[in-house]
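One structure is given here, and the rest of the page talks about it.
Within every chain, numbering begins at 1; the chains are lettered A, B, ... in the order of the sequence lines, protein sequences first and strands thereafter. Heavy-atom basis, side chains included; hydrogens, waters and symmetry copies ignored.
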Amino acid sequence: MQMPKPDEAVIARRAEIVLALQSLTNPDNVLAKEHELKAFDCDGLTVYKQLPMIAVLPETTAEVSAILKYCHANDVKIVPRGAGTGLSGGAFPMADAVTIGLTKFNQILDIDYDNRCAVVQPGVTNLGITTAVQDDGFYYAPDPSSQIACSIGGNVAENSGGVHCLKYGLTTNNILGVEMVLMDGTIVRLGGKHLDNAGYDLLGVVTGSEGLLGVFTEITVRLLRKPEVAQAVLVGFDSTTGAGEYVAAIISAGVIPAGIEMMDKKTVHATEEFVHAGYPLDVEALVIVELDGPQAEVDYLIDRVRKQAEDGGAKSVQVSQSDEERMRFWAGRKAAFPAIGRISPDYICMDGSIPRKKLPHVLSRMQEMADHYGLEVANVFHAGDGNLHPLIMFDANDPIELKKAEDFGADILKLCVEVGGVLSGEHGIGIEKRDLMGEMFTEIDMQQQQRLKCAFDPSGLMNPGKVYPTLHRCAELNFMHVRNGEMPFPDIPRF
Amino acid sequence: MDILKPTTTEHVLDAVKWAVSSTTPLNVQGLNSKAAMGQATNIGHSLDLSGLTGIDLYDPDELVLEGKAGTSLADIQEALAKANQMLAFEPPDLSALLAGSEWNADAPMAGSLGGLVACNLAGPRRIKAGAARDHLLGFEAVSGRGENFKSGGRVMKNVTGFDLSKLMAGSFGTLGVMTTITMKVLPSPDKVRTVIIIGLDTAAAVKAMSVAMNSPHEVTAAAHYTVDQTATSGVDRVEGLGRSATFIRVEGPAPSVEARAAGLTDMLKSLGPIDELHTERSTRLWREVRDVVPFTGAAHKADQVWRLSVPPAEGASVAARLKSSVGGESLLDWGGGLIWHRMVARDDAGHADVRSALGRSGGHAMLMKASSQARAAVPVFHPEDPGLVAISRRIKDGFDPEGILNPGRMMRVEQV
C-alpha cells in the first residue's frame with residue numbers, strides 16, 4: 001500500500017501551520033506533540049500506522065470553515081476523521097496533512113417526532129441517537145457492529161450498513177440532510193427535514209464519499225418507530241447450499257426479514273466457545289432469521305419461516321420464546337469478530353458483496369484459496385443482502401503471513417467481482433481496497449467518478465490517496481479535446 | 001430536425017460521440033411521457049431511446065431487475081407481477097396530469113425505466129420505501145464526453161466508489177444517457193387496508209397522519225383529500241362521502257393488516273367517523289392518489305400544478321399559505337410532506353408567491369405542470385443556494401463539458 005509522497009515543503013512549514021491553526025480555534029484543540037498525535041495514527045484498519053502532521057479538534061462549524069479555508073489557501077492537505085472505527089483506512093493520516101477530528105461535535109441539536117427526524121452533530125455515536133429517542137419508542141435504523149463507538153458523521157461518510165439493511169436500508173436511505181464544509185471553507189446545506197432534493201441529489205453523492213468531498217458538521221437523520229416486537233429463528237443446516245436455499249426460499253415467498261445472518265462452521269465453533277450462546281455444533285451452517293414489526297405480523301411470519309426451515313431439511317430449528325432468547329441467538333453472531341480474535345493472533349475482515357446464490361461457489365473457492373495460502377478463514381454473511389465478511393486468520397508478526405493474508409484477501413475480493421459482486425458492501429474502499437478498484441471499474445469509470453470530486457474539491461486537498469488508485473489533477477480530468485465534426489453522423493435509424 | 005433512434009448501447013455511444021464532435025445538443029428522451037416536465041427546452045436533435053429495450057436480467061430470488069433504459073414500465077410491471085414483486089417506491093404515472101387528459105384506470109403504465117429514474121419519481125410509499133434513487137442499484141451510461149461509464153452494481157449493499165447512481169437519479173438526462181439500469185425490486189404485499197378518517201380539516205388531517213405514522217402500525221402511506229377531491233374518486237365509498245377524507249394505508253399479510261387497521265382505528269376514532277377499505281378498493285384509491293387524479297381531466301386542463309416537498313408537519317400551514325397567496329387547492333400526500341397544488345394558470349405561475357409560501361420550514365417547490373411558455377419563463381426547479389449551484393455547475397461541466405445533453409432542462413439556459 002503506497003500513499004502519495006509527503007510534500008516536504010509543507011512539512012517544513014509545520015510550526016507556522018500549528019500557529020495559524022491555534023489562532024482559528026482554542027489553541028488546546030491543536031495537537032502537535034508526538035504523544036498527542038499517537039491517538040490518531042490509524043483508524044480501525046490497524047495494520048497501517050502513520051502519525052499525522054497535526055491534528056485539530058474544532059468545536060464549531062465556523063471553526064471548521066476557517067481551518068479548511070486556511071488549509072486551502074496554504075496548500076495543506078486535510079484528513080477528516082470521526083470516531084476512527086472505520087475498517088478501510090478512510091481516516092488514515094498522512095505525514096503532510098492535518099487530521100481534522102469531529103469528536104467535539106457531540107450534541108443532539110433537535111429531536112423532531114412530528115417530522116420523525118433528529119438533527120445531530122457528526123460526533124454523536126450511532127447508538128447515541130437511538131439512546132436519546134428510545135424511551136419515546138423511536139430508533140435510528142442502521143446499526144453497524146461498531147455502533148457503540150462509531151460516529152454518525154463517519155457513518156454518513158462511509159454509508160455504513162449493519163445487519164438490518166435489507167429491510168431498512170443503509171445510511172443513505174436513512175438521512176435527510178447534512179451541513180458540510182467544502183475544502184475552500186464554503187458551508188453548504190443539503191436536504192433538510194423534507195424528503196426530496198430540489199436539483200441534483202448532492203446529499204446522495206456525499207453519502208459514502210469517504211471524506212473526499214467535504215467535512216460534515218451537522219446531520220439530519222430519519223427516526224423510525226421501534227417495531228412492536230422482534231422474534232428470531234435459529235436454523236442449522238448440513239451444508240451451506242442448504243442454508244442458502246433456505247434464505248432464497250424465504251425471500252421468494254415474499255418475506256423481507258429484518259435480518260438474515262449466516263455463519264459457517266468455524267465461526268459457530270469459535271463463537272460458541274467464546275460466549276456459549278447454545279449454538280448447535282454439528283452443523284455446517286447456522287442461519288439467524290429475525291422478523292420484526294407488529295405482533296400479528298411477526299406471529300404469522302415466524303410460523304412461516306419455521307415451517308420453511310423444517311420443509312427445507314434443516315438439521316435444527318429453534319424459535320426464540322423471549323427477548324432474552326433472541327438476544328442469545330444474536331450473542332454469538334455479534335461476538336463473531338472477537339471470537340475469531342481469540343483463536344488467532346490477528347485476523348483481517350473482508351467485506352465483499354455477492355449475488356446471494358453464488359455463496360456456495362464462493363465458499364468452496366475460498367476454501368481452495370485458504371488451502372493454497374495455508375491460512376484459515378471463517379465466514380459470517382449478511383445473507384439477506386449478500387454482504388460477505390470472510391475473516392482471514394494470520395499472525396501479523398510474521399511478515400510473510402501478513403503478505404499472504406493480504407493477497408488472500410485480494411483474491412477473495414476479485415472472486416466477489418468475478419461472480420457479479422462488488423469490492424465493498426459496507427466498510428468502504430479507503431486505502432485497503434483502493435488498488436483493487438480496477439477489478440471493478442475501467443479507467444474511464446474511475447475518471448468519471450473522480451470528476452465528481454473535482455466539483456466539490458478542485459484543489460484535491462481533501463483526503464487524497466484514498467478510494468482511487470490514481471490521482472489525477474482536475475485540470476487533466478476536465479480537459480476535453482473536441483475535434484470539430486470529425487465523427488461522421490452515426491449510422492443508426494433516424495426519422 | 002433529426003431523431004436518432006438507437007437500438008443498441010453501441011449506437012447510443014456513436015450518437016453521443018457524434019453530438020460531442022459536432023457540438024450538437026441532444027434532447028434525450030425515453031417514451032416521452034414526461035416530456036412536459038422540467039424547464040422547457042427547444043433542442044434541435046433528439047436521441048430517442050424507445051428502441052433500446054429489453055429486460056436483461058430478472059432474478060426474483062435476488063430481488064434484482066436489470067433492463068435497458070427504453071424498456072416500458074408496462075413491460076417491467078408485467079414481468080414483476082408474474083413473480084408477485086414490485087418497484088416498491090410506487091412509481092407514479094403522471095401522463096394524464098401533465099397532458100390535462102382523462103385518467104384511465106385500466107391504461108398500462110406510461111413511460112420508460114430510464115425516464116422514471118431520470119426524474120426520480122416516487123408515489124405514496126415514498127414515506128416508507130424511498131424514491132427511485134433508493135432502489136437504483138447501478139447503471140451504465142454514456143457521458144457527455146462520449147464515453148461509456150458505470151457505477152454501482154447488482155447487489156443490495158455496495159459502497160464501492162462514489163454513489164453516482166444517486167446523482168443520475170433525478171438528473172433529467174443532463175449528465176449522461178443511461179443505457180442499462182439495475183433496480184432493486186421487492187415482494188408485493190399480500191393485502192392492503194386503508195383506514196379513512198372522515199371530515200378533518202387539513203391541519204387536523206396532518207396531525208392525524210402524524211399520529212398514525214408515529215404509531216407502531218407500519219403505515220405505508222398517508223394522504224388527505226378535500227371534499228371536492230373525494231368526489232373525483234372512482235372508489236364508491238370515497239366518492240360518496242360528501243366530506244373530506246384522510247387515508248392511512250397498511251400493507252402485508254392478511255392477519256397483520258387486519259390487526260393494524262384495527263389498531264389504527266382505535267387510535268384515531270376519537271377524531272371523527274372511521275371507514276375502512278380492503279385490498280381492491282385500497283389499490284384503486286392509492287393509484288388515484290399516486291397519479292394525482294383529482295387534478296387530471298378536461299376541467300383542469302389549463303391549470304398549473306406545483307409539487308412541493310416540505311417537512312411533513314408543515315404540510316397544512318404551507319397549504320394554507322398557498323391558498324391565500326395564489327388560490328387553488330392542495331392535495332396532500334406523504335403524511336403532509338408532499339403537496340400537489342393546483343391553481344389557475346398565470347404567466348409567471350405565481351412562482352415567487354408559491355416559493356415564499358414555504359416560509360422558513362425548508363423544502364422546495366417544482367412547477368410540475370404548466371405550458372411550455374410558462375416553463376420557459378420561470379424557474380421550474382427550486383432556485384438553490386449559490387454554493388450548491390456552483391457545485392452542480394461543476395458537476396454538469398465534468399459530465400457534459402460541451403453541454404450537449406438536455407441543455408436547459410434543469411437549469412435555465414441563461415444560467416447554463
With chain A, which of Q85(B), E314(B), K17(B) has the greatest number of heavy-atom pairs at distances under 4.5 Å?
K17(B)
Give, as side chain, backbone, both or neither, the part of D59(B) having an atom under 4.5 angstrom from any heavy atom of chain A.
side chain
Do D292(A) and Y168(A) get their side chains close enough for a donor-acceptor pair, meaning under 3.5 Å?
yes
Pairs in or reaching into residues 192-201 of chain A: which pass side-chain hydrogen bond (donor to acceptor under 3.5 Å, both in side chains), with residues at least two apart or in two chains?
D110(A)-K193(A), D112(A)-K193(A), D196(A)-R126(B), D196(A)-R307(B), N197(A)-D201(A), Y200(A)-T174(B), D201(A)-R133(B)
Please verify the inter-ring angle class for W18(B) with H45(B); under 30° counts as parallel, over 60° as perpendicular, anything in between as tilted.
tilted
Could you have a look at L166(A), V467(A), V298(A) and say which one has the most heavy-atom pairs with chain B under 4.5 angstrom?
L166(A)
Most heavy-atom pairs under 4.5 angstrom with chain A, which of E147(B), H382(B), E258(B), M366(B)?
E147(B)
Would you sort out whether K128(B) and E251(B) count as a salt bridge (Lys or Arg N to Asp or Glu O under 4.0 Å), showing the intermediate values?
CA-CA 11 Å; K128(B) 175 118 173 92; E251(B) 299 170 294; over 6 Å; no
Determine the option with the most heavy-atom pairs under 4.5 angstrom with chain B, choosing from E210(A), H382(A), K433(A).
H382(A)
Do you know which of C454(A), G386(A), A248(A), S353(A) has the most heavy-atom pairs under 4.5 Å to chain B?
S353(A)
pair M437(A)-I429(A): side-chain heavy atoms closer than 4.5 Å
yes
Heavy-atom pair count under 4.5 Å with chain A, highest-scoring of S210(B), G387(B), A259(B)
S210(B)
Can you tell which part of M168(B) gets under 4.5 Å to a heavy atom of chain A, answering side chain, backbone, both or neither?
neither
Just wondering, more than 12 heavy atoms not from K358(A) lying within 6.0 Å of its NZ?
no
Quick check for you: among D14(B), N158(B), D163(B), which has the greatest number of heavy-atom pairs under 4.5 Å with chain A?
N158(B)
Chain A contact via F162(B) - which portion, at a heavy-atom distance below 4.5 Å
both
Do you know which of R189(A), E228(A), R356(A) has the most heavy-atom pairs under 4.5 Å to chain B?
R356(A)
Distance-only, no hydrogens or angles: does the D351(A) side chain make a donor-acceptor pair with backbone N or O of S424(A) under 3.5 Å?
no
Are the side chains of D457(A) and L182(A) in touch, meaning some heavy atoms are under 4.5 Å apart?
no
With distance as the sole test, does K466(A) use its side chain to make a donor-acceptor pair with the main-chain N or O of L212(A) at under 3.5 Å?
no
Proximity breakdown for D491(A) and chain B, heavy-atom pairs closer than 4.5 Å
backbone
Which bit of Y300(A) is near chain B, if near means a heavy-atom gap under 4.5 Å: side chain, backbone, both or neither?
side chain
Quick one: what part of L170(A) sits under 4.5 Å from any heavy atom of chain B, side chain, backbone, both or neither?
side chain
Do you see a donor-acceptor pair shorter than 3.5 Å between the side chains of D136(A) and Y113(A)?
yes
Hey, which of C117(A), G254(A), P355(A) has the most heavy atom pairs under 4.5 Å with chain B?
P355(A)
Examine whether an atom of D48(B) lies under 4.5 Å from a heavy atom of chain A, and if so say whether it belongs to the side chain, the backbone or both; otherwise answer neither.
neither
Is the shortest heavy-atom distance from the side chain of L202(A) to the side chain of I395(B) under 4.5 Å?
yes
OG (S171(B)) and CZ (F399(B)) are apart, to the nearest 0.5 Å, by 9.0 Å
Chain A contacts, top residue of H11(B), E384(B), H217(B) (heavy-atom pairs, under 4.5 Å):
H11(B)
Do you know which of P493(A), A296(A), G204(A), S252(A) has the most heavy-atom pairs under 4.5 Å to chain B?
P493(A)
Aromatic centroids of F441(A) and Y468(A) separated by under 6.0 Å:
no
Chain A contact via S215(B) - which portion, at a heavy-atom distance below 4.5 Å:
backbone
So which part of L338(B) gets closer than 4.5 Å to some heavy atom of chain A, the side chain, the backbone, both or neither?
neither
At a heavy-atom distance under 4.5 Å, which candidate from K184(B), M156(B), R154(B), R145(B) has the highest pair count against chain A?
R145(B)
Checking heavy atoms, do the side chain of L301(A), its backbone, both or neither come under 4.5 Å from chain B?
side chain
Quick one: what part of L477(A) sits under 4.5 Å from any heavy atom of chain B, side chain, backbone, both or neither?
backbone
Does any part of the side chain of L291(A), heavy atoms only, come nearer than 4.5 Å to the side chain of V255(A), both counted from C-beta?
yes
Please state whether the rings of F89(B) and H135(B) are parallel, tilted or perpendicular, taking 30° and 60° as the class boundaries.
tilted
Contacting region of V155(B) [heavy-atom separation from chain A under 4.5 Å]:
side chain
What part of P401(B) lies closer than 4.5 angstrom to a heavy atom of chain A: side chain, backbone, both or neither?
side chain
The interface call for D385(A) against chain B, heavy-atom contacts under 4.5 Å, is both
